[in-house]
2 protein chains.
Amino acid sequence: MPPHSEPNPSRRGELDRNEVIDTALQLVEAGGGESLTMRKLAAELGVAPNSIYWHVGGRHEVIIALVERLAERQAEATVTGTNGRERVMSAARHVWAAALTHPHVTTLAYEVGATSLLELPLERALAREITAAGLKGDEARDAMRAILISVGGFLVIALRPPDLVPEPWTSATLWAEVDDPLIDPATIDSLTRQLDLPPLFERTVRAVVDSYIPGP
Amino acid sequence: MPPHSEPNPSRRGELDRNEVIDTALQLVEAGGGESLTMRKLAAELGVAPNSIYWHVGGRHEVIIALVERLAERQAEATVTGTNGRERVMSAARHVWAAALTHPHVTTLAYEVGATSLLELPLERALAREITAAGLKGDEARDAMRAILISVGGFLVIALRPPDLVPEPWTSATLWAEVDDPLIDPATIDSLTRQLDLPPLFERTVRAVVDSYIPGP
DNA sequence: ACCTGAACACCGTTCAAGT
DNA sequence: ACCTGAACACCGTTCAAGT
């Protein structure tokens, strides 16, 4: 089998692994995961589809490589705040913000199960703040996972393409048809309106952070 | 393989929408979303692929219909608990449990953006408890969304096929290689071990519930 | 070592044609 | 009204063959 995992510094032709990965990354950032096909990628590179198999591997390997590349590029954002909870919250916000900056790659990474690979630098930053806040071992691990899972829940909503679901089956339309005497009408009305996600993120993730991270 | 995987060549006409949807649902429950192809479905029904277009429509419409069908079947579980927080927590657990009972359909529903359609009966149960707990309008809506998003975050982890990620890129392996003096070693060690999700769910969702729902 | 043409085994979907 | 054969426009992947 060809040298997928190890770089080959000896000599090369016109096409190299780096170029393939960069182009794949561009394709995904521009048009989302479904626009990354071996054939389109090959066409973009002006090469036959099977050449990619030699340099990188199949589609799955291309995706892993592209996620790895973006992870490297991911600038490690600086955490702010003057106490443990604030700093942990800040690290959590960085995970959220980074994912929103690269929605397509984040979605694709999730689909192939490479989320941790993409987020590792930012997860480390979070782990450092949790350590600094005084948590250790399983306690620290639980705090970390709980916070990341909460952020993940919000990302699921935020990263969903808005036109994915046709009108009659949106949450809003569905709730508009609900007539339940045990549910407050004002609540139903509120459920049919657009949701402002960032403030809800702030309040909810803070609740999770506060419950796991000791106060100042 | 099982008798259901063999096509049925001995049929004349009499294909109806219900049969198509039921078979599609079975296909998904058995083998996940990717095993629902128009051609497999047609073969299962002993019919040409294009017949399905006449009775139901394209793949997307088949999926919506199948999600709708399961939603109808979804028995509305009874909420337990003696105070508001307990009862809201119980309703949240039902959403979680229902999704785990039908992991493939839940995943597929998410992929086509029909999560609300699938969960509507259970979301209504949650809305009733939130109403009963005294919340109204935007406040109730925020509580509802925050709780569902938190549950969703856990579902993302719980529903992910375990063998999706190859060894070298699992979260555990990635963390095993981390050597950071600012992170407690016991924490890193804990991050490389298997996570017990249910207790974390319980504690985290409860924190969210407690922060949105007034105490007794 | 590097790249291609051709092929295989799939997809979803459409459309004219049959009953 | 109901169903099909045939085709179109795609996929990912493999393999023998060329340089």
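Since the structure is predicted, the reported quantities are computational estimates derived from the model, not experimental observations. Protein chains get the first letters and strands the later ones, always in sequence-line order, with residue 1 at the start of each.
Checked for salt-bridge contact, A:Glu44 and A:Lys40 miss the test: no charged N lies under 4.0 Å from a carboxylate O. Classification of A:Arg203 and A:Asp196 as a salt-bridged pair fails, no side-chain N sitting under 4.0 Å from a carboxylate O.
The CD1 atom of A:Ile52 sits 16 Å away from the P atom of C:dC2 (whole-angstrom rounding). Rounded to whole Å, the distance from CD on B:Glu34 to C1' on D:dC11 is 15 Å. Atom C1' of nucleotide D:dA1 and atom CG of B:Asp16 are separated by 14 Å, given to the nearest angstrom. Summarising the geometry, the separation between CD1 on B:Ile63 and C1' on C:dC11 is reported as 13 Å, rounded to the nearest angstrom. Atom OH of B:Tyr53 is separated from atom C1' of C:dA16 by 17 Å (rounded to the nearest Å).
Considering only side-chain atoms of A:Trp54, the nucleotide from C:dC2, D:dC3, C:dC3 that sits closest is C:dC2. Closest to the side chain of A:Arg59, from the set D:dG12, D:dC3, C:dT4, is D:dG12.
The distance from atom NE2 of B:His104 to atom CG of B:Leu70, rounded to the nearest 0.5 Å, is 13.0 Å.
Residues from residues 36-49 of chain A placing a heavy atom under 4.0 Å of any atom in DNA chain C, listed by number, are A:Arg39, A:Val47, A:Ala48.
At a threshold of 4.5 Å between non-hydrogen side-chain atoms, the residues A:Ser150 and A:Thr204 do not count as touching. You'll find the side chain of B:Leu195 reaches within 4.5 Å of the side chain of A:Asp142, heavy atoms only.
When atom types are taken as modelled, the side chain of A:Asp184 and the backbone of B:Gly137 share a donor-acceptor pair closer than 3.5 angstrom.
Using the six-membered ring where Trp is involved, A:Trp96 and A:Phe154 have ring planes that are perpendicular, over 60° apart on the 30 and 60° scheme.
Across the P atoms, D:dA9 and C:dA9 are found 22 Å apart, a figure rounded to whole Å.
The phosphate of C:dT13 (OP1 or OP2) has no side-chain N or O of B:His60 nearer than 4.0 angstrom.
Residues A:Glu129 and A:Ala91 approach most closely at CG-CB, 4.4 Å, considering heavy atoms.
B:Glu139 CD: 12 or fewer foreign heavy atoms inside a 6.0 Å radius.
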If you write DNA chain C from 5' to 3' in dot-bracket form, with Watson-Crick or G-U pairs under 3.5 Å, [ ] for crossing pairs and | for pairs with another strand, what do you get? ||.|||||...|||||.||
